Amino acid sequence: MKHIQFDHQKPLDFIAIGRLCIDLNANEINRPMEETSTFTKYVGGSPANIAIGISRLGKKVGFVGKIANDQMGRFIHRYLEKNNIDTSGVVTDRTGAVTGLAFTEIKSPTDCSILMYRDNVADLKLEPNEVSEDYIKQAKCLLISGTALAKSPSREAVFLALEYARKHNVVVVFDLDYRPYTWTSSEETAIYYNLAAEKCDVIIGTREEFDMMEQFEHTKKDDDVTAGKWFRYHAKIVVIKHGQKGSIAYTKQGTKHQGGIFPARIVKTFGAGDSYAAGFIYGLMEGWDLDQCMEFGSAAAAIVISSHSCSDAMPTVEQVTDYIRKHR
Ligand SMILES: Nc1ncnc2c1ncn2[C@@H]1O[C@H](COP(=O)(O)OP(=O)(O)O)[C@@H](O)[C@H]1O
Ligand SMILES: O=C(O)C[C@@H](O)[C@H](O)C(=O)COP(=O)(O)O
């Protein structure tokens, strides 16, 4: 049964909108950051990671975002191009804004945290007039990620992209990607997240992220209840992620799918969600059933958490297929 329909006439498979940042991942792992002196630089930012993941899987991908007018911005731009991502929707800031940095601390394979530097970041300066309707309408699928809603003008730019996508039959996927440090209050966060989610076809988030969105509701924090709510709006698929307990996907038609996990030699836990999203969305675009999409996403996640980076470790179709064959 097809749960979601992509318009296969469109020339671009996938566009992500939102942040293009830098990850600085600790080289000396299994210790606190105070004792780490060297880091490796990678392109980062959840939507960037997902776009890179989907491009590695062979899809035609573009990006809409804003980079700083400096060495970091140029590094990101080159990396996207090297990964066959169309950068015609990527604009350069002219106000002196900087690139967001995420320093990652890897205390143990399961105890990881991220220290973000996000003052005056270029990604949140994307203006509505820098989002092209002609560009958005060329894509089969648009990914928005919650962090881009944290501040104006990026917030309005994303809502406009959403409007264009809806107008031109572009499937919209919302990866909740809730990063509290970017927001001023959790109430403000919930209000904008709910407004955006009402317009999306596919919603992917962790249980904790959905809990944040449901803070004004007096319903039980329960996966069935959460999914049911979004099917009363525009959603056709809702995916709720539960870390190492796997994930659960619901469809508007009433089916419910339990996703497991693959064994991993975990280096760090971050990157799981982004690689899972890349694999899952790829599967949807291939027209697979949801169990297969979830299996593919989980295997991609196991590969990425077994590696040092997020973006650079995004696997190819062959790598994921091999992983599934070896570990099923
Ligand atoms: N410890 C783990 N071992 C294997 N797979 C994992 C592990 N943690 C997460 N995953 C995979 O990654 C997916 C997303 O992880 P999760 O932690 O829920 O998302 P996020 O990184 O966004 O918080 C899970 O559904 C699972 O398939
Ligand atoms: O999203 C960011 O700004 C940082 C990411 O690049 C980072 O590596 C990460 O946290 C990945 O997030 P996850 O996939 O949700 O674990």
Side-chain angles (χ1 to χ4, degrees), residues 16 18-26 39-53 65 76 79 99-106 108-118 121-124 143 145-148 150 174-182 203-212 223 239-249 257-280 283 291 293-314 320 323-324 327:
R19 73 190 183 286
L20 294 159
C21 295
I22 297 285
D23 282 352
L24 289 152
N25 289 5
F39 298 83
T40 299
K41 180 177 86 178
Y42 303 102
V43 168
S46 175
N49 293 336
I50 296 172
I52 292 160
I76 293 168
Y79 189 85
T99 307
L101 305 178
F103 288 88
T104 61
E105 177 179 58
I106 308 174
S108 79
T110 49
D111 185 6
C112 303
S113 66
I114 294 182
L115 180 63
M116 287 267 188
Y117 283 57
R118 287 196 54 76
V121 284
D123 60 88
L124 290 175
L143 174 104
S145 97
T147 301
F174 187 7
D175 187 305
L176 301 181
D177 178 39
Y178 172 44
R179 314 270 171 171
Y181 36 73
T182 320
I203 307 173
I204 306 177
T206 63
R207 183 62 253 168
E208 297 72 28
E209 289 170 330
F210 283 106
D211 288 348
M212 176 279 293
D223 291 350
V239 182
I240 305 172
K241 298 177 290 181
H242 288 274
Q244 57 184 330
K245 296 203 189 94
S247 53
I248 180 156
H257 307 252
Q258 192 71 51
I261 63 163
F262 281 89
R265 290 160 72 144
I266 308 175
V267 176
K268 40 80 181 143
T269 49
F270 44 84
D274 296 342
S275 41
Y276 177 94
F280 182 84
D291 295 306
C293 298
M294 293 168 88
E295 182 181 59
F296 201 80
S298 305
I303 293 171
V304 168
I305 59 178
S306 305
S307 318
H308 191 251
S309 76
C310 296
S311 56
D312 221 37
M314 288 290 174
V320 182
Y323 202 86
I324 293 175
H327 295 95

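Since the model is a prediction, treat every value here as computed from it, not as a measurement. Values below: all heavy atoms of this structure, side chains included; hydrogens, waters and symmetry mates excluded. Note that ligands are numbered from 1 as they come in the structure, with each ligand's atoms numbered from 1 the same way.
Note that CD1 of I240 and CD of E208 are 11.0 Å apart. Values are rounded to the nearest 0.5 Å.
Using a distance-only test at 3.5 Å, with no hydrogens or angles considered, no donor-acceptor pair links the side chain of S306 to the main chain of A264. The backbone N or O of V304 sits less than 3.5 Å from a side-chain atom of K268, completing a donor-acceptor pair. A distance-only check finds no donor-acceptor pair linking the side chain of S307 to the backbone of S309 [under 3.5 Å]. When atom types are taken as modelled, the side chain of H308 and the backbone of A26 share a donor-acceptor pair closer than 3.5 angstrom.
The side-chain contact (heavy atoms from CB on, under 4.5 Å) search around T147 returns R19, R118, D177, R179, T182, not counting sequence neighbours. With sequence neighbours excluded, the residues satisfying side-chain contact (heavy atoms from CB on, under 4.5 Å) with S113 are E105.
For the 3.5 Å distance criterion, the side chains of N25 and T104 qualify, holding a donor opposite an acceptor.
With a 4.5 Å cut-off on side-chain heavy atoms, F270 and C310 count as touching.
For ligand 2, the 4.0 Å heavy-atom shell takes in R19, D23, G44, G45, S46, N49, I114, M116, R179, F270, G271, A272, G273, D274, C310, ordered by chain and residue number.
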Under a 3.5 Å threshold, I'd like every N/O contact between ligand 1 and protein atoms, with atom names and distance.
unit_1: ligand 1; atom_1: 18 (O); unit_2: G243; atom_2: N; d: 2.7
unit_1: ligand 1; atom_1: 21 (O); unit_2: G273; atom_2: N; d: 2.9
unit_1: ligand 1; atom_1: 22 (O); unit_2: K241; atom_2: NZ; d: 2.8
unit_1: ligand 1; atom_1: 25 (O); unit_2: G246; atom_2: O; d: 3.4
unit_1: ligand 1; atom_1: 27 (O); unit_2: S298; atom_2: OG; d: 3.3

